[in-house]
Asks: 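Sharing a structure with you now.
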Amino acid sequence: MSKLRVAVLGARGRIGAEAVRAVEAAEDLELVAALGRGDKLEALADAGAQVAVELTTPASVMGNLDFCVRHGIHAVVGTTGWTDDRLLQLNTWLKDSPDTGVLIAPNFSIGAVLTMKFAERAARYFESVEVVELHHPNKVDAPSGTATRTAQLIAAARVEAGSAPQPDATATALEGARGADVDGVPVHSIRLRGLLAHQEVLLGGEGETLTIRHDSLHHSSFMPGILLGVRRVVTTPGLTFGLENYLDLN
Ligand SMILES: NC(=O)C1=CN([C@@H]2O[C@H](COP(=O)(O)OP(=O)(O)OC[C@H]3O[C@@H](n4cnc5c(N)ncnc54)[C@H](OP(=O)(O)O)[C@@H]3O)[C@@H](O)[C@H]2O)C=CC1
Ligand SMILES: O=C(O)C1=N[C@H](C(=O)O)C[C@H](O)C1
């Protein structure tokens with residue numbers, strides 16, 4: 001059987017470099033291009049890439065996806081910075097290339113995906129819920145894509161359950177003291193040398209709390225999810241948001 005031809009964008013970055021190694025080590029995949037900033041996207045088409053793994057920056061991702069979708073190259077995207085407007089734009093491009101698949105995964109690690117699902121399930125049972133994400137200080141965006149997605153899932157679950165607004169008597173506060181408001185869920189971002197990617201979801205009810213915590217200790221935690229994404233995206237046209245859609249979590 002012929003190998004799937006894979007390219008990595010952002011190949012010299014922290015996660016991109018790990019992804020290059022993971023693709024090279026996979027027997028059913030062939031690394032045909034490894035591009036960094038300044039490299040020409042035409043190299044993807046010239047190399048006959050079937051799937052591009054996009055691990056760059058929020059400023060670069062849309063231009064790269066525009067190229068990929070126009071050339072029918074499937075994409076597995078870990079880059080953050082997704083807004084409703086960006087998703088709308090991507091869906092518009094995909095309409096003109098209906099056989100092309102794009103997976104956007106706010107987090108490729110199984111533990112982080114489960115954290116999001118557990119938090120979504122638990123959200124309706126507690127009066128209060130806040131998210132704390134902790135990352136290395138080189139991260140350029142805050143809150144993290146994972147925390148944003150977690151808060152959105154929690155908020156949607158609470159709306160569906162008819163939950164009351166969270167109790168919070170704060171009358172005065174320094175700007176930022178209560179975190180960022182993501183659909184009504186406070187999200188707190190910590191940047192600390194020594195950390196990689198961590199998240200806590202704190203839920204509180206009368207006389208009890210529940211904390212769901214996940215730690216990515218090495219970029220290797222993201223590799224099984226990336227490889228799964230690469231193998232599945234070629235038979236999953238259109239936009240898929242979240243690795244959970246490729247997993248049997250029920
Ligand atoms: N979904 C997930 O599970 C994960 C997602 N991420 C996300 O992935 C992204 C990258 O993270 P990280 O590796 O830590 O960041 P880095 O800054 O280490 O890597 C990004 C790389 O992309 C390069 N780059 C920038 N623009 C382009 C472009 N147009 N074409 C090709 N390469 C480009 C950068 O080059 P230069 O240095 O020259 O700017 C850099 O080498 C972030 O958005 C991060 O949040 C990270 C880990 C897991
Ligand atoms: O920048 C990172 O490192 C990470 N980014 C993603 C995010 O913003 O959620 C995934 C993971 O947290 C690592």
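Both backbone and side-chain heavy atoms feed into the values below; hydrogens, waters and symmetry mates do not. Indexing begins at 1, ligand by ligand and atom by atom, following the structure's order.
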Asks: Could you check whether atom CZ of R121 has more than 12 heavy atoms from other residues, nucleotides or ligands sitting under 6.0 Å from it?
Replies: no
Asks: Donor-acceptor pair, H214 side chain versus Q199 backbone, under 3.5 Å?
Replies: no
Asks: Set out, in order, the CA-CA distance, both residues' side-chain angles and the distance that settles side chain to side chain donor-acceptor pair (under 3.5 Å) for T240 and N245, then state yes or no.
Replies: CA-CA 7 Å; T240 303; N245 294 292; 6.0 Å; no
Asks: Classify the ring geometry between F67 and H71 as parallel (under 30°), tilted (30 to 60°) or perpendicular (over 60°).
Replies: parallel
Asks: Which protein residues come within less than 4.0 angstrom of ligand 1, counting heavy atoms only?
Replies: G10, R12, G13, R14, I15, L35, G36, R37, L55, T56, T57, S60, N64, G78, T79, T80, A105, P106, N107, F108, K139, F222
Asks: Between R191 and E133, is there a salt bridge with N-O shorter than 4.0 Å?
Replies: yes
Asks: Show me a pair-per-line table, with atom names and distances to 0.1 Å, of protein N or O atoms that are under 3.5 Å from an N or O of ligand 2.
Replies:
from	atom 1	to	atom 2	distance (Å)
ligand 2	1 (O)	K139	NZ	2.9
ligand 2	3 (O)	H136	NE2	2.9
ligand 2	5 (N)	K139	NZ	3.1
ligand 2	8 (O)	K139	NZ	2.7
ligand 2	8 (O)	G145	N	2.8
ligand 2	9 (O)	G145	N	3.3
ligand 2	9 (O)	T146	N	2.8
ligand 2	9 (O)	T146	OG1	2.5
ligand 2	12 (O)	H135	NE2	2.6

Asks: Hey, does the side chain of R124 reach the backbone of A161 with a donor-acceptor pair shorter than 3.5 angstrom?
Replies: no
Asks: Determine, for R21 against E18, whether the closest basic-nitrogen to carboxylate-oxygen distance falls under 4.0 angstrom.
Replies: yes
Asks: Check side chain to side chain contact (heavy atoms under 4.5 Å, CB included) between D96 and all other residues, then give those that pass, not counting sequence neighbours.
Replies: none
Asks: Does D168 have any salt bridge (charged side-chain N to carboxylate O under 4.0 Å, His left out) partners at least two apart in sequence or in another chain, and if so, which?
Replies: R178
